[in-house]
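Values below: all heavy atoms of this structure, side chains included; hydrogens, waters and symmetry mates excluded. Chain naming here is simple, since letters A, B, ... match the order of the sequence lines and numbering starts at 1 in each.
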2 protein chains.
Amino acid sequence: MSAPDFSVRELRAFVALVDLENFTRAAQAIHLSQPAYSALIRRLEETVGVRLFDRNTRRVSLTPEGRLFEPSVRQLLRDADRALADLGDQIELRKGRVHVAALPTISAGLLPAVFKEFRRSFPGIDLVLSDRLSEACIALVKEGRADFALVSNNARPGDLDELDARLLCRHHYHLVCPTHHPLLSEKRLTLRKIAQHPFIQMTRNNSVRQALEAAIHPRIMNTVLEVEHLGTVISMVNAGLGISVVPTFTLHQFQWPTIATRPLITPNLLRHIYVVRHRERSLSVASSAMLELIVRDLGRLQ
Amino acid sequence: MSAPDFSVRELRAFVALVDLENFTRAAQAIHLSQPAYSALIRRLEETVGVRLFDRNTRRVSLTPEGRLFEPSVRQLLRDADRALADLGDQIELRKGRVHVAALPTISAGLLPAVFKEFRRSFPGIDLVLSDRLSEACIALVKEGRADFALVSNNARPGDLDELDARLLCRHHYHLVCPTHHPLLSEKRLTLRKIAQHPFIQMTRNNSVRQALEAAIHPRIMNTVLEVEHLGTVISMVNAGLGISVVPTFTLHQFQWPTIATRPLITPNLLRHIYVVRHRERSLSVASSAMLELIVRDLGRLQ
DNA sequence: GCGCTTTACGCTGCGCGTAAGTATC
DNA sequence: GATACTTACGCGCAGCGTAAAGCGC
């Protein structure tokens, strides 16, 4: 049992002869000398095991077996062309899908501009954004559902076994408080000083909270309130209930006349943003383009 | 714009690597040395224009583009295998169709036994029999609807331009008459003697009638009745209305105690049976087998 | 160091073009 | 004899196997 083999080119040659009914002209169409073309047809007939054409000087026509073979061949050629075209579309960024998983702060702060530009450049590519907390983002990448994730620095090393985390950027955190808050007159704004004031905290699994708690350990923040969403933080600070600390990407949401922001220039409190992806699974062309755009935009911001 | 080319073999190599996730084992499956196999995959990637596999020592896995390509490839392989299998079935006489056009006398006298044997040997092949007069048979072949025709000798040469008629056999005609008819005691039975007796004639376009009229020209038969079907001839002879002349293949229908038959050994009255087919269009394997069987059966009869 | 893939390299033969041969009208 | 396919023949390179070299655990 030997597996018979033939090439797309041979099939193209076959249909050329079916259509043109003439070896000489079909040979030209395939860009081959006539004898070479003749041999090619003969080889194809040998591989399929049956004469496909009746030929004499006057006329070239299909045998009954050739007539049976023809529709299959045309179908094969259509499918082959289609497969290559699909691949080409994907490569040329005319089609495809990019699935990014990112922290809510990054999703809201960085990605809108990036996605807008990406969509303008590659309108045929479907975009999916999963705005979740770090662990969920990483899980999506691990499952292969997201192409890459943009997360912060508190991912557990164990989670990264088969994944690869590359540092994308480092940002300071920022104090957000009512204007005229006493902290604003501090020369060196430290976390320890901040910890003395009533603080609006995020939920336990939030990466900002985890970073803060790690930085001030073994002390603790003066937490007066624990909320889930950043919008709530804004309102609470605005209402004078307390102060908070937020990452750079959220700052644009705190541009109120009643709220002031100051960067926290402390060496042990930096927000590291990582790109997490499969270690040994390459990105699609579209995903690479997206990542490139993200890096470029980030450079523009800093 | 260059048409990219690849072979079925390359696609088989592709799926082997997808399934086995290991170059060495996939190479064995394809019966190639590992370096040669590696080069083959590389060539395929070059022709499609994108890396299809992520490989390092530990793991081999599809890229996003490879993942897109995979289902297309499997479909292509299925279709290619199917096309070859169909062709093989046709060649091995497991499937197919044979369409024979034949004179009613041949259809009823010769073909039942042949078709029975053919069907026993090749039960997967569909059989079509058009039992018509010569002209209609030849028209079917000319249109390409029938594979070949079995007709008698009065086909016009003009009708045969693109067709090829090969003599299959020659038979005598036979007198059919009531037992004890005076003609039966004739030593040399000639058409001229028959013409004197009341004669049951077939319709004008019947090949037997045309042969008779040509043979006795410029005399004419003593026609008492003109009928369409052979069964009617039988009944009329049986009833004593007249005598008739029929071809060999119909004789089995005249085996009545009241009817006698005698061959007409006259040199100018011979029934030539021809196989008519397209001059430059080969027969399908199944049709050839059928024709071969016909020739063989004919040999057995004589 | 071990397992797996890639690179290096020589060789064989497939498949090409040119030219001559053959068949059909 | 003109036209069109087939055969003959030499040549180049694609693609093979063997051997050696990277490379990631």
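- For DNA chain C, the residues of residues 18-26 of chain B within the heavy-atom distance limit of 4.0 Å (strictly under) are B/N22, B/F23, B/T24, sorted by number.
- An OP1 or OP2 oxygen of C/dT6 is reached within less than 4.0 angstrom by a side-chain nitrogen or oxygen of B/R55.
- Once you apply a 4.0 Å limit to the heavy atoms of chain A, the touched nucleotides of DNA chain D run 5' to 3' over D/dT3 to D/dC25.
- Not counting sequence neighbours, the partners of B/R94 by the salt bridge (charged side-chain N to carboxylate O under 4.0 Å, His left out) test are B/D89.
- Sorted by first and then second residue, the ring pair (Phe, Tyr, Trp, His ring centres under 6.0 Å) pairs involving residues 39-76 of chain A (not counting sequence neighbours) are A/F14-A/F53, A/F14-A/F69.
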Give every pair of a protein N or O atom and an N or O atom of nucleotides 8-15 of chain C that lie under 3.5 Å apart, one pair per line with the distance.
{"from": "C/dG15", "atom 1": "OP2", "to": "A/R43", "atom 2": "NE", "distance (Å)": "3.4"}

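- Between the two ends of the helix from C/dG1-D/dC25 to C/dC25-D/dG1, each summarised by a five-pair axis, the helix axis turns through 30° (rounded to 10 degrees).
- Applying the salt bridge (charged side-chain N to carboxylate O under 4.0 Å, His left out) test to A/E46 and every residue at least two apart in sequence or in another chain returns A/R42.
- For A/R51, the salt bridge (charged side-chain N to carboxylate O under 4.0 Å, His left out) test picks out no residue, with sequence neighbours left out.
- Checked against salt bridge (charged side-chain N to carboxylate O under 4.0 Å, His left out), B/E10 has no partners two or more places apart in sequence or in another chain.
- Partners of A/Y37 by ring-ring contact (aromatic ring centres under 6.0 Å, His included), not counting sequence neighbours, listed by chain and number: A/F23.
- Annotation: side chain to side chain contact (heavy atoms under 4.5 Å, CB included) contacts of B/D54 (sequence neighbours excluded): A/R281, A/S282, B/S61, B/T63.
- Applying the salt bridge (Lys or Arg N to Asp or Glu O under 4.0 Å) test to pairs two or more places apart or on separate chains, those with a residue in residues 72-83 of chain B are B/R12-B/D81, B/D19-B/R74, B/E70-B/R74, B/R82-B/D86.
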